[in-house]
Amino acid sequence: MAVRDEVCQSGAQVVGPPLSFTPVAPPSTAVNVRALIDQASKGMNIPVPQPGLSPAADATQFVGLSLWTWSPASAWVPKSVTVSAGGVSLTMTATPVFSVWSMGDGGSMTCQGPGTPYPSATSGKPPRRSPDCGYTYARASASEPGGAFPVSVTTHWKVVWSTTTGLSGSEPDLTSSASLGLRVSEIQALVTDVRP
């Protein structure tokens with residue numbers, strides 16, 4: 001189809017206000033959400049586990065005696081960090097979910113939540129075993145290097161994030177670990193007066 005130029009006739013008048021054009025700014029560079037996630041992960045201050053034990057970690061444990069283990073409830077709370085770039089903010093939250101205890105004798109246990117602290121002496125007679133995070137050794141540690149079992153506890157934190165633009169997601173668990181040594185002995189019974 002041919003393009004025809006329109007020519008105003010002599011004496012034609014301008015109808016309406018003159019047209020004006022406003023320059024369009026180039027679109028801003030998209031915010032790199034992955035970079036914000038990485039930045040938030042690096043800024044997440046996950047505490048090292050502070051294991052509580054009864055009998056205490058510096059005391060001798062005994063074969064067959066139930067060991068109570070736990071983490072302080074004050075440390076078992078969500079941690080959040082917010083980072084921003086290009087007008088977009090991202091908030092990342094890590095929540096402790098469970099701890100894995102490696103007991104050094106080949107055994108391990110997974111504790112959901114922080115565990116239960118050993119009851120105080122004023123609370124009456126405590127139960128023999130921890131209701132949710134306890135362990136019982138079946139052998140002594142005398143043959144181990146240093147005479148102690150190498151124990152470690154690793155807490156797993158579930159990680160989620162969201163942005164002010166409506167994006168959200170999750171990341172692999174963050175973990176934090178602590179280690180200690182436990183000496184475990186056997187109580188030997190000596191029979192001295194056997195009568196028929």
Side-chain angles (χ1 to χ4, degrees), residues 30-59 61 66-120 123 126-127 129-138 141 144-146 148-184:
V31 174
N32 188 333
V33 175
R34 182 73 252 171
L36 287 177
I37 293 171
D38 292 342
Q39 183 182 348
S41 295
K42 292 175 182 177
M44 186 67 69
N45 186 19
I46 298 299
V48 174
Q50 300 294 325
L53 295 93
S54 184
D58 58 356
Q61 315 294 321
S66 181
L67 172 67
W68 289 53
T69 62
W70 66 90
S71 298
S74 60
W76 202 269
V77 293
K79 305 291 183 184
S80 294
V81 63
T82 298
V83 295
S84 300
V88 176
S89 294
L90 179 144
T91 298
M92 177 176 287
T93 301
T95 303
V97 180
F98 65 93
S99 290
V100 178
W101 291 73
S102 176
M103 304 308 294
D105 63 342
S108 65
M109 58 181 175
T110 299
C111 301
Q112 305 294 331
T116 302
Y118 191 78
S120 65
S123 63
R129 297 179 181 276
S130 169
D132 54 2
C133 194
Y135 191 78
T136 302
Y137 281 102
S141 62
E144 298 293 317
F149 287 124
V151 176
S152 66
V153 53
T154 300
T155 302
H156 290 249
W157 298 69
K158 180 180 178 180
V159 180
V160 297
W161 55 265
S162 62
T163 70
T164 50
T165 60
L167 296 176
S168 61
S170 60
E171 293 296 304
D173 287 357
L174 292 176
T175 60
S176 56
S177 300
S179 58
L180 61 151
L182 289 182
R183 294 182 179 277
V184 181

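Because the structure is a prediction, the values reported are computed rather than measured. Scope of the values below: all heavy atoms of this structure, side chains included, with no hydrogens, waters or symmetry mates.
Using cut-offs of 30° and 60° on the angle between ring planes, the pair Tyr118 and Trp68 is perpendicular.
When all heavy atoms of Ser130 and Ser66 are compared, the pair lying nearest together is N-OG, 4.1 Å.
Contact check for Trp70 versus Asp132: no side-chain heavy atoms found under the 4.5 Å cut-off.
Distance alone, capped at 3.5 Å, is enough to place a donor-acceptor pair between the Ser141 side chain and the Val184 backbone. Here the side chain of Arg183 pairs a donor or acceptor atom with the backbone of Gly146 at under 3.5 angstrom.
Residues satisfying the side-chain hydrogen bond (donor to acceptor under 3.5 Å, both in side chains) test with Thr175, not counting sequence neighbours, are none. The salt bridge (charged side-chain N to carboxylate O under 4.0 Å, His left out) search around Asp38 returns Arg34, not counting sequence neighbours. Residues meeting the side-chain contact (heavy atoms from CB on, under 4.5 Å) test with Ser179, sequence neighbours left out: Ser152.
Interatomic distance, CG of Leu182 versus CD of Gln61, reported as 5.0 Å (0.5 Å rounding).
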Atom pairs and distances, side-chain donor-acceptor, residues 44-55, under 3.5 Å, sequence neighbours left out:
none

Side chains of residues 72-92: which donor-acceptor partners sit under 3.5 Å, not counting sequence neighbours?
residue: Ser80; atom: OG; partner: Thr93; partner atom: OG1; Å: 2.8
residue: Thr82; atom: OG1; partner: Thr91; partner atom: OG1; Å: 2.9
residue: Ser84; atom: OG; partner: Ser89; partner atom: OG; Å: 2.6

For residues 96-112, dump all side-chain donor-acceptor pairs below 3.5 Å to protein atoms at least two apart in sequence or in another chain.
residue: Ser99; atom: OG; partner: Thr155; partner atom: OG1; Å: 2.9
residue: Asp105; atom: OD1; partner: Gly107; partner atom: N; Å: 3.0
residue: Asp105; atom: OD1; partner: Tyr135; partner atom: OH; Å: 2.9
residue: Asp105; atom: OD2; partner: Tyr135; partner atom: OH; Å: 3.0

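Counted by atom type alone, Ser162 and Ser168 present zero donor-acceptor pairs between their side chains at under 3.5 Å.
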